[in-house]
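Side chains included, hydrogens not; waters and symmetry mates left out as well; all remaining heavy atoms used. All residue numbers in this chain count up from 1 along the given sequence. Remember, it's a predicted structure, so these values are computed and weren't measured experimentally.
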Amino acid sequence: FLQTGHRRPGPPPDFAIVDEDDQDELLREAGAPDDPKRRQELLDALHGAKSPTGTLDRDDRRLRPTADADTLFGDVPPPLRGVLARYQRLLADRQSLDFDDLVRWTRGLLRADPALAAAWGARYDLVQVDEVQDAHESEYEVVRALARRSGRLALIGDVDQTIYGWRGS
């Protein structure tokens with residue numbers, strides 16, 4: 001979706017995806033604290049800013065495709081905000097996205113461009129999500145947009161088995 005030669009705001013079509021180890025390295029480079037409790041606080045702020053909850057069907061400036069680091073992290077306390085802004089700049093400098101960015105860009109572009117959402121939704125007769133208990137609101141909004149035309153969305157999961165509560169699932 002994000003690499004299909006788009007002519008709209010978005011990441012470069014040849015972006016790289018950083019995994020959790022790469023993310024940790026970039027956060028350290030951006031000045032993340034070594035203390036595990038403070039690092040978790042930083043990760044929680046990062047996930048919360050890029051995948052805000054309570055924004056389903058609401059306009060939120062963080063979900064706009066053109067949202068910059070100041071917009072994304074404006075509600076984060078100042079010491080953490082600086083680290084996260086540097087982290088986001090490092091990602092951009094390396095033409096990379098983390099998992100949250102993949103979902104955020106997709107969600108934002110589908111919201112901003114109804115014709116694009118309709119074209120992608122027309123590709124699917126059924127959208128099925130397994131392990132839905134580990135999906136968060138941003139991911140749900142993406143699959144809901146893709147299933148809008150067909151009206152066929154299957155969500156399969158067990159809420160007693162969620163393992164990603166820390167990122168809002």
Atom pair CG (Leu146) and CZ (Arg123), whose distance is rounded to the nearest 0.5 Å: 10.0 Å
Criterion side chain to side chain contact (heavy atoms under 4.5 Å, CB included) on Val103 and His136, from CA distance to verdict: CA-CA 10 Å; Val103 176; His136 54 68; 4.1 Å; yes
Polar side-chain atom of Glu137 near backbone of Gly54 as donor-acceptor pair, under 3.5 Å: yes
pair Asp101-Phe15: side-chain heavy atoms closer than 4.5 Å: no
Shortest non-hydrogen contact between Ser138 and Ser51, atoms and distance: OG-CA, 3.5 Å
Gly74 versus Arg81, closest heavy-atom pair with distance: O-NH2, 3.5 Å
Same apolar cluster (I L V M F W Y, side chains within < 4.5 Å links), Ile17/Trp105: yes
Those residues that, when tested against Pro33, pass side-chain contact (heavy atoms from CB on, under 4.5 Å) (two or more places apart): Arg38, Leu42
Nearest-0.5 Å distance that lies between atom CD in Glu141 and atom CZ in Arg111: 4.0 Å
Cationic N near anionic O, under 4.0 Å, Asp125 to Arg149: yes
Minimum heavy-atom distance between Ala67 and Arg61, given as atom pair plus value: CB-O, 3.6 Å
Spatial distance of atom CG (Asp68) from atom CZ (Arg89) [nearest 0.5 Å]: 10.5 Å
Intermediate values then yes/no, side chain to side chain contact (heavy atoms under 4.5 Å, CB included), Leu27 and Leu43: CA-CA 9 Å; Leu27 283 167; Leu43 285 170; 3.6 Å; yes
Shared hydrophobic cluster for Val83 and Leu91 (ILVMFWY, side-chain gaps under 4.5 Å): yes
Cluster check Leu116, Tyr124: I/L/V/M/F/W/Y, side chain < 4.5 angstrom: yes
Leu46 and Phe73, any side-chain heavy atoms less than 4.5 Å apart: yes
4.5 Å side-chain heavy-atom contact, Glu139 and Val129: no
Ionic contact status for Arg28 with Asp34, cut-off 4.0 Å: yes
Lys50 NZ to Arg107 CZ distance, which is reported to the nearest 0.5 Å: 14.5 Å
Heavy-atom side-chain contact between Val142 and Trp120 under 4.5 Å: no
Nearest heavy-atom neighbours spanning Glu29 and Leu90: OE2-CD2, 3.5 Å
Arg152 side chain vs Leu126 backbone, donor-acceptor pair below 3.5 Å: no
Set of residues satisfying side-chain contact (heavy atoms from CB on, under 4.5 Å) with respect to Glu25, sequence neighbours excluded: none
Gap between atom CG of Leu72 and atom CZ of Arg104 - 0.5 Å precision: 4.5 Å
Pairwise distance CD(Glu20) to CZ(Phe99) - rounded to 0.5 angstrom: 10.0 Å
pair Val18-Arg94: side-chain heavy atoms closer than 4.5 Å: no
Charged N-O contact under 4.0 Å between Asp35 and Lys37: no
